[in-house]
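Any value given below was found using the heavy atoms of this structure, including those in side chains, with hydrogens, waters and symmetry copies removed. The chains referred to below are lettered A, B, ... by the order of the sequence lines, with proteins before strands, and numbering in each begins at 1.
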Amino acid sequence: MHETVNRCEEILAEWLRQAFQAAFGEVQDWSGIRVQPATDARFGDFQCNDAMQAAKTLRRPPRAVAEAVLAALPLPPMLTRAEIAGPGFINLTVAPEWLAEQVAVLSAAPRFGIPDAGQGRTVVIDYSSPNVAKPMHIGHIRSTVIGNALDRLHRALGYRVIADNHLGDWGTQFGLLIQGYRTFLTEAEREALTIEALERVYVQSYNRSKEDPAWLESCKSELVKLQQGDAENRAIWERFIAISRREFDRVYGRLDVAFDLTRGESYYNDMLPETIQVLQDKGLAVESEGALVVNLEDEGMPVCIVRKSDGGFNYAATDIATVRSRVAEFDPDRIIYVTDERQQLHFRQFFAVCAKLGYTTHLEHVWFGLMRLPEGTFSTRQGNVIKLESLLDEAERRALEIIKASNSEMPEDEQRELAVAIGIGAIKYTDLSHDPQTMIVFTWEKALALEGNSGPYLQYAYARVCSLLDKYAEQVPDRDPLTNALLLDEPVEKALALQLMRFPATVLRAAEVCKPSVLADYLFSLSQTYSSFYQRSPVLKADAAVRDSRIRLCAMVAQVLAEGLGLLGICTPRRI
RNA sequence: GCCCCUGUAGCUCAGUUGGAUAGAGCAACGGAUUUCUAAUCCGUGGGUCGCAGGUUCGAGCCCUGCCAGGGGCGCCA
């Protein structure tokens with residue numbers, strides 16, 4: 001166990017294990033005894049529920065077990081109280097001085113005690129993955145923002161992360177696009193090619209293909225030419241990709257998202273025949289209705305088609321080839337895919353195929369609920385898609401409006417910079433604060449919330465801490481608040497310290513379960529406690545000893561908020 | 001028909017893997033500003049945790065059945 005994770009709980013549990021041992025040592029070993037934060041501050045700071053569990057095997061009343069345990073050893077100095085409540089809860093109240101020591105350990109540790117859980121092991125995170133020749137819309141925000149947070153979380157935990165943007169740059173749509181590009185665009189439009197033009201071309205070409213079989217045939221033949229390496233089609237295709245990537249990069253820049261690799265599906269194209277060959281050699285892939293399939297009856301799933309009856313490869317083939325390639329090149333411990341919920345079956349199927357191939361890499365599909373509009377799903381045809389960039393624009397615009405109103409003396413360029421930090425932060429936070437697996441109904445109002453449980457609430461809390469720290473630095477120059485003595489006399493102060501203690505375990509858990517929302521919830525709760533503390537406990541106006549102690553607490557809150565929001569990819573301006 | 005997910009306050013959601021009187025935000029109402037940033041804080045009202053059984057000291061959480069919504073189910077990704 002890392003010494004910074006659940007530090008208090010571990011120390012207290014160790015003491016309780018000894019107490020159980022002293023009371024009932026002969027019966028069984030007590031290494032499973034656990035301590036957790038109290039569910040309610042009225043009960044104390046920590047609690048242990050295991051006496052009730054033990055009562056079963058000991059065949060004694062739960063309260064009697066708890067009493068015997070507490071009677072077995074004297075109360076250690078770290079505790080001010082240990083008492084039994086209800087059916088047999090053991091409630092523990094810790095000494096403020098002891099708690100202060102413990103939180104000081106985290107504060108002094110790098111990144112406030114985030115453990116080195118990865119120890120250099122590799123994890124590939126496959127996220128965002130937009131399709132070439134289509135603008136990114138609000139449906140892409142979840143994969144991008146959630147994936148990026150998982151990226152940052154794993155890096156902080158000591159993993160070697162390879163963030164890979166698996167672009168949709170290969171597939172049947174390119175026949176439609178190439179033929180449409182030649183037919184529906186003027187020369188001028190082809191010169192100054194935009195992604196909007198490409199999207200229009202695609203819709204036009206797609207619609208025509210449904211009514212005009214000859215058109216469909218010509219598109220198919222362009223696709224075949226592309227796949228056979230025809231120079232002209234290849235050049236057009238590369239142009240589509242270049243234009244799309246320029247577009248994507250602009251969005252990623254605004255979102256502060258960076259990838260280690262951007263390998264489209266096409267990257268794996270040459271590996272497909274060999275991949276299929278391996279499946280056949282191992283006797284996993286068999287002919288069925290002209291296609292090549294892997295039977296997954298034992299796994300309770302329908303067959304996985306790896307080669308179409310026309311001889312072409314599909315996405316399952318690409319995905320399997322991608323795993324082979326990644327395993328060979330990076331030897332990852334874990335590969336995480338972040339996509340929407342509709343692909344669950346596909347991932348379960350191809351994970352099963354990988355297992356049959358003998359891959360031990362832990363494959364994980366992090367799926368998220370589809371984003372939809374209150375009036376229903378959005379679609380290109382209905383023309384109700386919201387472009388990702390318009391969402392970002394609107395977020396920044398609304399943030400700027402509020403800044404201008406409440407912070408009119410701030411220089412214009414600083415206002416704009418702040419509007420970006422707050423606007424983008426608000427969008428990221430609304431997404432990250434929800435469990436990925438919930439369906440989100442998109443409304444401007446919710447996505448851009450600026451009060452309550454929102455990104456700006458956290459940023460505001462941080463800015464207020466910073467303001468205090470700056471003023472303290474003027475009052476007491478040349479003193480690092482983190483070296484001050486920590487008192488924790490007030491209940492709020494103790495609550496704040498207890499909450500700070502939970503940061504490392506929260507980060508670890510958020511990464512383990514691939515839910516950034518775990519961290520977001522924690523940070524909101526911490527900010528709430530801090531805001532409450534801020535309101536009722538004057539810092540700079542207090543007596544010197546109290547002032548110094550409180551500012552140290554503030555400094556630690558600042559450490560955690562900056563660190564935690566950073567892990568979510570949310571900016572922390574020092575001034576708002 | 002089969003598989004996966006969801007169902008908690010008027011709305012949007014948490015609920016630390018089975019613990020104590022189920023919590024936040026928004027909305028509503030009532031307060032706090034000679035104040036370290038009011039994008040804040042304090043308080044009030046608001047609940048048959050979809051329904052019915054079961055498991056046990058104890059269930060929002062686990063098991064079974066049903067109801068409702070979403071998604072998926074052989075050559076799209």
* Among B:G19, B:G74, B:U37, which nucleotide sits nearest the side chain of A:P87? -> B:G19

* To do: For residues A:Y315 and A:H166, establish whether the separation of their ring centroids is below 6.0 Å.
  => no

* Mate of B:C2 where both pairing distances stay under 3.5 Å, Watson-Crick or G-U -> B:G72

* Please give the nucleotide sitting opposite B:U64 as a Watson-Crick or G-U wobble pair, both distances under 3.5 Å, or none. => B:A52

* **Pairing nucleotide - B:U21, Watson-Crick or G-U, each distance under 3.5 Å** => none

* Side chain of A:P302: nearest nucleotide among B:C73, B:G70, B:C36? -> B:C73

* Asked: Taking any strand in view, what nucleotide pairs with B:A9 in a Watson-Crick or G-U wobble way, both distances under 3.5 Å?
  -> none

* Asked: If we take the P atom in both B:A68 and B:C51, what is their distance in whole Å?
  -> 15 Å

* Where the side chain of A:T39 is concerned, which of B:U40, B:U16, B:A39 is the nearest nucleotide? -> B:U16

* Base, sugar-phosphate, or nothing: which does A:L292 touch, judged by heavy atoms less than 4.0 Å apart? -> nothing

* Structure fact -> Closest of B:A14, B:A39, B:C57 to the A:K56 side chain is B:C57

* Considering Watson-Crick and G-U wobble pairs with both distances under 3.5 Å, what does B:U44 pair with? -> B:A28

* Considering only B:G25, B:G19, B:C42, which nucleotide approaches the side chain of A:M52 most closely? -> B:G19

* Could you check which of B:A32, B:C75, B:U37 has an atom nearest any side-chain atom of A:L468? => B:U37

* CD of A:Q344 versus P of B:C4: gap in Å, rounded? -> 10 Å

* To do: Over 60° means perpendicular and under 30° means parallel, so classify the ring planes of A:F347 and A:Y337, tilted if in between.
  => tilted

* **B:A59 to B:G53 separation - C1' atoms, rounded to the nearest Å** => 14 Å

* Asked: Which value, in whole Å, describes the distance between the C1' atoms of nucleotides B:A27 and B:C63?
  -> 39 Å

* If the P atom of B:G47 is compared with that of B:C5, how far apart are they to the nearest Å? -> 31 Å

* Base B:C75 to side chain A:S309, donor-acceptor N/O within 3.5 Å cut-off -> yes

* Structure fact -> Heavy-atom nearest pair, A:S309 first then A:E289, reads CB-O, 4.0 Å

* Asked: Which is true for A:D340 with a 4.0 Å heavy-atom rule: it touches a base, it touches only sugar-phosphate, or it touches nothing?
  -> nothing

* Determine the Euclidean distance between corresponding C1' atoms of B:C76 and B:G60; express it in Å to zero decimal places. => 40 Å

* Structure fact -> Comparing nearest nucleotides in RNA chain B, the 5'-proximal residue of the pair A:S517, A:K446 is A:K446

* **B:G10 and B:U6, which share atom name P, separated by this distance in whole Å** => 22 Å

* Among B:C3, B:G74, B:A24, the one nearest A:F524 by side-chain distance -> B:A24

* Where the side chain of A:R536 is defined as all heavy atoms beyond and including C-beta, which of B:U17, B:A20, B:C42 is the nearest nucleotide? -> B:C42

* Whichever of A:R348 and A:H434 has its nearest RNA chain B nucleotide further upstream toward 5' -> A:R348

* To do: Kindly say if A:S531 contacts the phosphate of B:U40, meaning a side-chain N or O under 4.0 Å from OP1 or OP2.
  => no

* Would you say A:D50 and A:R34 make side-chain contact, with heavy atoms under 4.5 Å? -> yes

* **C1' spacing across the pair B:C61 / B:U56, given as an integer number of angstrom** => 15 Å

* Could you check whether A:A55 gets within reach of a base, just the sugar-phosphate, or nothing at all, counting any heavy atom under 4.0 Å? => nothing

* To do: Would you check if A:I114 and A:L567 make a side-chain contact, meaning some heavy-atom pair closer than 4.5 Å?
  => yes

* Tell me whether A:F89 is stacked on the nucleobase of B:G19, counting only the six-membered base ring and applying the 5.5 Å and 30° thresholds. => no

* Taking atom C1' in both B:C13 and B:G54, what distance in whole Å separates the two? -> 30 Å

